[in-house]
Structures are given as C-alpha cells and as structure tokens.
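Shown next, in structure tokens, is the structure this report addresses.
Here is the naming used below: chain letters follow the sequence lines, and residue numbers restart at 1 for every chain. If you're wondering where the values come from, they're calculated on a predicted model, not measured in any experiment.
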Amino acid sequence: MRYLAWSLLGLLVVLHQDYWQWNDSSLVFNVLPVGLAWHAGISVMAAVVWFMLVTFCWPTAAEVDDEADAIAGAETESCA
Amino acid sequence: MMQLSVILAYLGLMLLIGYAANRSFRGTAVDYLVASRSLGPVLLLLSLFSTTMTAFALVGSTGRSYTLGIGVYGMLASASGIVHSMCFFLIAVPLWSFGKRYGYTTQIQFFRERLDNSWIGLLLFPFLVGLVVSYALLGVVGSGAVVSGVTRGAFAELGWFRESGYGVPAPLASAIVSGVVLAYVIFGGMRGTAWANAFQTLLFVSFGIATFVIIARALGGTDSLAENMRRAFMAASESHLSRARIPKPIYFSFLFIPLSVATFPHVFQNWLTARSARAFKLPIVAYPILIMILWLPCVSLGVWASSPMSGVPANTDENRVLAMLVSQHAGPLLAGLLTAGVLAASMSFDSQIIALGTMFTEDVVVHYRRRSGFTDRQVVVMTRLFITGILVLTYVLSLFPRAIFDLGLWSFSGFTGLFPLVFASVYWRRLTAAGAIASVTVTFVTWGGLFYRSGFGQDAKYAFPETALAIGGGWAIPPMLPVVAILAASTLTLVVVSLVTRPPAESTLAKFFPH
C-alpha cells in the first residue's frame, strides 16, 4: 500500500500537466470550464492520496517522539 | 458608510481577540513565540491555512485570473494541494520533532545546530528578513487596495478623499490595518495570532463562497447557481476559459513555486505550535480541499470579471478587480461583510511579522549575548520593538505598490531556492556547512541577478532563459519562471560543495539521524 500511495502521488503530478486539453474552452455539465473542473478533481484526489499516505506511511519516528513526551508527562504527573 | 462601519467593527473584533489572547499569556518566551506548543489539529489547520493563504490567494488570484483565465487555478491551487501537503508530511513533521526535542523557536536555530556552524545564521537572517518583508507587503498593499476599492463614494457627501473617489485612500487603509495587526500581534503573541488566523480562515472561506454565490446571481440573474455560473462563464472570452494565454513551460514551472512553503520562517514557527506530530495529519489531508474551496470561487470571479457584463472596465488594475466586483454587485452591508472576509485573508501577514521578531530576538540578540543576560520579559519586549520597526518599514515600502501576484512570485521564488537546504538538512547526512553556505549564497546571487534583469519585478512576463536555449539534437530549454533556474543552481551547488568538503561530525549526525 505504501508504494501504491506514493505512486498515486506521482501520477497526480503527471496528470497535473494536462496539455491535451490546453485550448479546450468547453463547459463540463454546462457549469465549469473543463480545465477548471479537471484541476478541481486533482485537488479532491490529492486529499484522497494524502489520506492514504498519512494512514499507511506515517513516519513512526515522529510518533515515538510523541509517545516519549506523553510518558515523560505522565511520569511528571505521577511524581507530583 | 455602511461598508466602513462593518470593516471597523471587524477590525475591533481582531483587537478583542488579541486582548483575550493576552489574558491567557503565561509570561514566558515560549508561550509568546510558539503558544507553548499547544495547538491541536483543528486550530493548527485553520491557523496554517490562514498563514499561507494571504492577499495573494484572494486579491492576487482573482486579479491574475482576470488577466490570464482559468489556468491560474492549475498554476497554483491544485499544484499547492499536492506540494504543500507534501512539505507538511516530509518537512514539517520531522522539523516539529526536532523543535520540540531541542527547544527551537526559529529555523536558524535548527540550521546552526544541524550544520554545527554559527555563520549560516548571519547569512540566512538578512535574506529571510528581506523575503518575508516582501511577502508581508502583499498583505499591506492588498488590504489597502480592498478597503479603498469598496469604500469608493462613501465620503461623497462629506467631500472627503476626492482624489481616491471619495473612498478611504489606500495608504490610509493600509496604515489602519497595519496598526490593528501590530496591536494584536504585540499583545497576543503567537497565541493571539493563531486565534486570529483561525477566525480569519473561517471568515474568508465562508465569505469567499458567499461572494461567489452573490456575484453569480447578480451576473446570471436567475435563482439557479448552476445556470448563473454557466451564463457568467459563457460571457467570458474563450481564451479565458482555456489556458491559451499561458505558455506551457511557464505553467510547468509554477509547480515549483509551492515548495516555498517549506522554507517560510512564519510557517516554520506555526509548525512549532503543534501539540503533537499527529496534529499534522488533519492539515495534510484537508489542505487540498480547503485550497479548492477558496481558490475555485476566486479564479471563477476573476474570469467573470473579464467579461463586459461584469461592469469591470478592461485593463483595470489587477489588485482592484475583486473590490470592484464586490462594490458593484453586493449591497452596502453585504459589501462590508465580504470586505471583512477579504481583509481577513489580507491580514494574515501577522504571522510573518511575528516570525521576523522572533528571528531577530532569538537568532541575533540572544544568540550573541549570554542567554542568562535577558529575562523572558525582556526577550518579549525586544521582540515587540523589532516587530513595530519592521511593520513600519513594510508600510513605507507599500507606498510603492506592484501587482500583488508578481510581488508574491518573486518572494516565493527566493524561498524556493532554500528548499534544497531544508530538505537536505532533514534527509541527507552528507550535507555540510560549506555546502549550505554556498547554496544560500548562490540562491541569493541568482535571485538578485534575475530580479535585477526583470527590472526589479517591473517586467511581469520575465522568464529565464530569456530566449530558448538550444542544447543540441533539436532539444531546447524554453523560457520558464526564474524559480526553476534558482532552484537548479541552489541544488547543484549544495550537492557539489557538500561532496567535496569534510563530512559533518558523527556527534552532530547522531543528534539529527538517531534511527
């Protein structure tokens, strides 16, 4: 899953350069210009991919630091 | 006059927030500078978003879309959705970790210890101050332009301010807004700034959507939002609905601009306010969506403004486009409320100002004198004095305004040049102090040289290489945004000089690469 998530992020960067619809001024669903709708879609997909990344690829070293602080805090409280 | 009353009420509310934060002040430097590292995910998200979405996002994006069309969204908004979150994930979390473990409040403190070198601080300080002041200028210029634009005619009966169309003159509006920001930054510190920023995010996002709906209705004339949008878009030229006005290499090079978020001193300080590493998860995921919610309406408004039916004259100053739309298509009360929303974004230069104060105090005053020589109270007072001086300087510079979008791009390009340094300091053990110093120097020289070549930002279309550079076999490097050359020169210098100089001490590496 880790590799899939990073690969999807790379794919988003490629899809961001959508040269094939550069001069297309048509409206999607008669509401949004196609170039604008495509990039709104990129924004939504970016949130999905980042959800995958924070779920499956979260840096464990940072979490350890959190836990260490929590333990230290608990010890301080118990000492008090 | 109604608009002015609402704007003044909003500014008064900001002062109240600063006062409330002051009541929670614990009297220590770490509380004033990084809010005692106590912010949870929601407050961190709102505060970070407001810190990065300034007048550039609202006033600048609307104005540039008025000129270039829908491509502005792809150039910066969707690109930032990918790249900003990447910077939070790859840079913010480890830097927060170092900050909490070793007690940092500024980037320079981190670099000095990571590189085991004091000179890097002296080199970085003036460069960062210059770039942050140019960034803060966006907010000062933007707030003046917006208030001046929507209050046009408000003083007609009194006969005041004739030269600015009987509205509040932009320099006076900028001065009042700067004064309010100064007050809540000084009294509220980082906690007040974070609270104000969170409130401002809620305000400018919700009012941004409201502006979009109201102006769509005014232009479309029906009760259906979809139909109003269709009519408003169809009134614009085809080139505004596509990316025909934007060269592809320029569009591509915009992808590098959002890397700058990893090197902003004020964003670094904002990261340090997080309660835990886990607090970053929400900002990382929600950022692309929040950017979309803010930028989609702004870019649409800019495109709509380009059509004759909008009532915005051709060749209007980009900085005034949003204000003109609001003042022409919303009633006085609504225009006042919407302006408060725009001001909310423009006023997020507060965190830039407080970051500069922190850098001055921690990286210059405290670093070069014995820490024990100053009490926490004295440190806070020095920070407040420096903040006042820097805001006055920024205000004076704002009296010579440029297009907000271009001003922002040059500032962001300089910050992006520092990205290799930040990235390597977290992930590359072989980075040396000499490599870092050489990279910062080359960034400064390249940025300065290109800025000079652009007529100090006067040439909005300046690109480098200035003509396509043939490299044999039919290949050529096309003209791109200066940020590409700056980033390439900075990266190359950092890698080469690091590899040919003595590796860092093992004790230093053990401190920053424990795993």
Side-chain angles (χ1 to χ4, degrees), chain A residues 2 5-73, chain B residues 69-71 73-75 77-83 85-86 88-90 93-94 96-98 100-101 225-227 229-230 233-234 236-244 246 248 251-252 255 275-278 280-282 284-293 295-296 299-300 303 514-515:
Chain A
R2 170 184 292 253
W6 283 114
S7 303
L8 285 174
L9 189 70
L11 180 64
L12 272 184
V13 174
V14 174
L15 293 176
H16 181 270
Q17 304 297 308
D18 57 332
Y19 295 160
W20 63 90
Q21 52 192 358
W22 202 256
N23 293 313
D24 189 346
S25 59
S26 58
L27 298 188
V28 176
F29 302 122
N30 256 337
V31 174
L32 274 183
V34 64
L36 197 52
W38 176 267
H39 281 276
I42 295 268
S43 296
V44 174
M45 286 312 299
V48 173
V49 172
W50 280 114
F51 178 76
M52 291 172 69
L53 281 161
V54 299
T55 306
F56 301 112
C57 311
W58 190 247
T60 50
E63 295 293 4
V64 169
D65 203 41
D66 266 9
E67 285 160 14
D69 286 335
I71 292 165
Chain B
I70 58 144
Y73 185 92
M75 285 195 317
S78 55
S80 297
I82 299 169
V83 178
S85 291
M86 185 187 79
F88 297 161
F89 188 92
L90 294 177
V93 174
W96 172 86
S97 210
F98 292 138
K100 181 149 186 174
R101 200 178 301 160
L225 176 63
E227 178 58 17
M229 287 171 65
R230 189 188 71 78
F233 276 122
M234 290 305 287
S237 71
E238 281 199 7
S239 63
H240 275 90
L241 301 182
S242 69
R243 276 160 284 176
I246 305 170
K248 287 174 185 166
Y251 181 85
F252 167 75
L255 202 52
R275 184 193 301 154
S276 66
R278 278 185 292 274
F280 285 95
K281 287 187 175 182
L282 179 65
I284 289 169
V285 175
Y287 229 72
I289 300 293
L290 272 186
I291 291 176
M292 182 183 73
I293 291 173
W295 278 69
L296 204 56
V299 170
S300 300
V303 172
H515 303 288

>> Set out, in order, the CA-CA distance, both residues' side-chain angles and the distance that settles side-chain contact (heavy atoms from CB on, under 4.5 Å) for B/Ile82 and A/Val49, then state yes or no.
In response: CA-CA 9 Å; B/Ile82 299 169; A/Val49 172; over 6 Å; no

> Going through the checks in order, is the side-chain contact (heavy atoms from CB on, under 4.5 Å) test met by B/Val93 and A/Trp58?
Replying inline: CA-CA 10 Å; B/Val93 174; A/Trp58 190 247; 3.7 Å; yes

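Residue B/Ile291 does not touch chain A at all, counting heavy-atom pairs closer than 4.5 Å. Residue contact with chain A, scored on non-hydrogen atoms closer than 4.5 Å, involves the side chain of B/Leu90 exclusively. For A/Asp24, the part sitting under 4.5 Å from any heavy atom of chain B is the backbone (N, CA, C, O) and nothing else. For B/Ala79, the parts lying under 4.5 angstrom from a heavy atom of chain A are both the backbone and the side chain. Both the backbone and the side chain of B/Phe252 come within contact range of chain A, each with at least one heavy atom under 4.5 Å from a heavy atom of that chain. Proximity to chain A (any heavy atom under 4.5 Å) is shown, for B/Val303, by neither the backbone nor the side chain. Heavy atoms closer than 4.5 Å to chain B are found in the side chain of A/Leu27, but not in its backbone.
Chosen from A/Ser26, A/Gly35, A/Ala47, the residue pairing most often with chain B at heavy-atom distances under 4.5 Å is A/Ala47. Comparing A/Trp22, A/Phe51, A/Tyr19 by heavy-atom pairs within less than 4.5 Å of chain B, the highest count is held by A/Trp22.
Checked options B/Trp295, B/Tyr73, B/Tyr287; the residue passing with A/Ser43 is B/Tyr73 (criterion: side chain to side chain donor-acceptor pair (under 3.5 Å)).
Applying the side chain to side chain contact (heavy atoms under 4.5 Å, CB included) criterion to A/Asp18, with sequence neighbours excluded, gives A/Trp20, A/Gln21, A/Trp38, A/His39, B/Arg243, B/Tyr251.
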